[in-house]
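Everything numeric here is computed off the predicted structure, so don't read it as measured data.
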Amino acid sequence: MKKTVKTMLLLSLLLTLTTGCWNRHESDKVEYVLAAGIDINDRGQIVLTVLTPVLEEMKPSGGFKGEQKKTLSVAGNTTFEAARNYIKITGRKLFWAHLQVLLIGEQAAKTNTRQYLDFFSSDPELRGTANIAMVSGRALDLLESSPDISTLSSRYMKDLLLNTDLEGKSSKVLLTEFLRKLAEPIGGQPFMPILHLIEQNDYVKSIVGMKPY
């Protein structure tokens, strides 16, 4: 009798565990953030720019026609407020678990970074494995750019930052590492690499050393 009771109890537990996932998100109700940028506008507000994939274009059946990513900028007095304003515009919640790159604009980096990075450190969905970098200029411009050598700019920036150690002129910095040093700066000041956005003609002329084609 005891064995029968134990077996029935075990089966009931298995049925309970396999009915669904507590953290499941429907793709038509959320936006999967792959990259994000922080800037400061002329009113002193935080400008949050997010890069999200166009899932319909990324499916093999779609033939990969058109853009595979989209960007949208929203403003708010805090990063949390800006993220809430995104919902007002699109009707979709931002999902941060897949964040690959977090960019800080030059003007924003000159201010107190804690005022907008606290949002990322307190979000339970964010894994902290995203790469963080400063942008020479505006983060918005870099996120809206479309490099010719990659179909998804967030993946390109992620690979670029992950391989900075190989060049020997910079080092990769993860978001969790930067936040830890920001909270306890004694013994290790927070730092991050800098990204520069260069037009193709300028790249060919100044770096390659040839007439632009």
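Side-chain contact between Arg92 and Ile87 is absent, with no heavy-atom pair separated by less than 4.5 Å. With contacts defined as side-chain heavy-atom distances shorter than 4.5 Å, the pair Leu103/Ile38 does not qualify. Side-chain contact between Leu179 and Leu117 is present, with at least one heavy-atom pair separated by less than 4.5 Å. The shortest side-chain heavy-atom distance between Thr78 and Phe119 does not fall under the 4.5 Å cut-off. Side-chain contact check for Leu34 versus His98: some heavy-atom pair is nearer than 4.5 Å. Counting only heavy atoms from C-beta outward, the side chains of Leu51 and Lys70 never approach each other to under 4.5 Å. Between Thr176 and Thr129 there is no side-chain heavy-atom pair separated by less than 4.5 Å. Using a 4.5 Å heavy-atom cutoff, the side chains of Lys93 and Glu31 are not in contact.
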Dump the intermediate steps for ring-ring contact (aromatic ring centres under 6.0 Å, His included) on Trp96 and Tyr32, then the final yes or no. CA-CA 7 Å; Trp96 296 95; Tyr32 298 96; over 10 Å; no

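A donor-acceptor pair under 3.5 Å is formed between the side chain of Arg114 and the backbone N or O of Leu182. Using a distance-only test at 3.5 Å, with no hydrogens or angles considered, no donor-acceptor pair links the side chain of Glu81 to the main chain of Gly76. Remark: the backbone N or O of Tyr116 is paired with a side-chain donor or acceptor of Thr79 at under 3.5 angstrom. A distance-only check finds a donor-acceptor pair linking the side chain of Asn85 to the backbone of Ala75 [under 3.5 Å]. Judged by distance alone, the side chain of Asp39 and the main-chain N or O of Ala139 form a donor-acceptor pair under 3.5 Å. No side-chain donor-acceptor contact under 3.5 Å links Thr113 to the backbone of Ala109.
The environment of CD in Gln115 is crowded: more than 12 heavy-atom neighbours from other residues, nucleotides or ligands sit within 6.0 Å.
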